[in-house]
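Worksheet: the structure to be examined is printed underneath.
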Amino acid sequence: PTHGLVPYTGIIGMEAMLDHVGPISAGVADNALTLEVLAGHDGLDSRQRELQVHRYTDFLDRDIKGMKIGVVREGFGTHLSEPEVDECVHAAADRLTSLGAEVEDVSIPMHPQGVAVWGGVITDGLWQTLRLNGQGYNVDTVYSPALHRAMEGWQAKQDQFPINVKMLVLLGKYVERFNGGYYGKARNLVRRLRRAYDTALHDCDLLLMPTTVQKSSPNPRTREELTPDQMITLAFNTLLNTCQFDISGHPAMSVPCGLRDGLPVGMMLVARHFNEPAIYRAAHAFERAGDWQTY
């Protein structure tokens with residue numbers, strides 16, 4: 001959901017600017033109903049400002065005739081993209097066209113650079129939050145003494161961290177010597193990145209691209225089967241189209257749109273801030289159009 005739409009109270013954070021939570025469900029209708037329950041002010045989370053809350057289930061059965069959907073060129077064809085994933089998502093866009101939407105290509109040149117902008121925010125931000133035992137500064141919310149006690153001594157448990165978390169923590173510790181300089185630059189660039197998406201969404205109701213540019217990889221039978229380089233690559237390849245919206249605050253949903261080699265492919269729909277109804281409208285229409293596993 002849009003950043004702040006669902007209160008983050010009671011959840012351990014990574015970085016207050018990008019921390020958010022939303023429903024995961026087996027179907028679009030369940031997702032919309034769950035968000036109706038979750039969304040809105042709780043009176044405790046200061047990140048909740050000027051919220052626009054809707055009855056999301058009211059938008060499920062509307063057709064999508066006339067909706068404008070922009071297929072983001074930079075979300076496809078990256079050096080890590082799998083052609084069958086791109087093909088599957090393009091086919092999903094064509095299906096939305098057949099349902100009455102106006103689908104056309106759009107270009108957002110800053111989209112690939114958003115990964116680096118996210119990196120500048122998460123490394124410094126995660127390190128500072130972790131250094132304070134999960135209690136980040138500068139957020140007007142309820143702080144948990146129990147969480148603080150539970151997080152004490154985390155340094156002795158670092159071997160239990162996933163390799164991608166270890167990498168972010170190490171990088172965060174390294175950039176600490178720059179006293180927030182790179183974090184500040186990244187935060188300033190977030191405004192430019194957010195504006196790039198807002199500009200595209202001025203002419204479109206939704207943006208469309210693959211959720212992940214690759215299909216999922218098989219889990220190793222043992223940890224020793226994967227090198228650290230391979231583990232890091234697999235962990236971060238999933239972020240190339242998604243992490244940008246963690247920092248821009250736009251709502252985004254992954255909708256399964258087909259199987260390739262027996263593995264699911266996700267189509268991501270992105271909307272203007274607080275325009276979750278547009279996502280539910282298009283996602284539900286796509287879901288009702290047929291069995292995604294046969295596309």
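- The closest donor-acceptor contact from the side chain of Y8 to the backbone of I12 lies under 3.5 Å.
- With hydrogens and angles disregarded, a donor-acceptor distance shorter than 3.5 Å links the side chain of Q214 to the backbone of L80.
- For H284 (side chain) and L60 (main-chain N/O), a donor-acceptor pair under 3.5 Å exists by modelled atom type.
- Taking the ring centroids of H148 and Y143, they lie at or beyond the 6.0 Å cut-off.
- Note on residues 29-45: pairs passing salt bridge (Lys or Arg N to Asp or Glu O under 4.0 Å), not counting sequence neighbours, are D45-R47.
- Around atom CD of Q155, more than 12 heavy atoms belonging to other residues, nucleotides or ligands sit under 6.0 Å away.
- Applying the side-chain contact (heavy atoms from CB on, under 4.5 Å) rule to I108 yields the partners V72, E74, H111, A196, Y197, A200, L207; only residues at least two apart in sequence or on another chain are considered.
- Under the side-chain contact (heavy atoms from CB on, under 4.5 Å) rule, L38 has a single partner from V21, L5, V6, L33, which is V6.
- With W154 contributing its side chain and L130 its backbone, the two residues share a donor-acceptor pair below 3.5 Å.
- The side-chain contact (heavy atoms from CB on, under 4.5 Å) test applied to S46 returns V139, D140, not counting sequence neighbours.
- With hydrogens and angles ignored, the 3.5 Å screen pairs a side-chain donor or acceptor of N241 with a backbone N or O of G75.
- Judged as a salt bridge (Lys or Arg N to Asp or Glu O under 4.0 Å), the pairs with a partner in residues 274-293 (not counting sequence neighbours) are, in order, D61-R288.
- Residues F59 and Y280 keep their aromatic ring centres 6.0 Å or farther apart.
- Residues E152 and R149 are not paired through a salt bridge, judged by the lack of any N-O separation under 4.0 Å between the basic side chain and the carboxylate.
- Checked against the 6.0 Å centroid criterion, the rings of Y182 and Y174 do not qualify as a close aromatic pair.
- Checked against salt bridge (charged side-chain N to carboxylate O under 4.0 Å, His left out), R55 has the following partners two or more places apart in sequence or in another chain: D58.
- Sorted by first and then second residue, the salt bridge (Lys or Arg N to Asp or Glu O under 4.0 Å) pairs with a member in residues 75-97 read E82-K215, E84-K215, E87-R260; sequence neighbours excluded.
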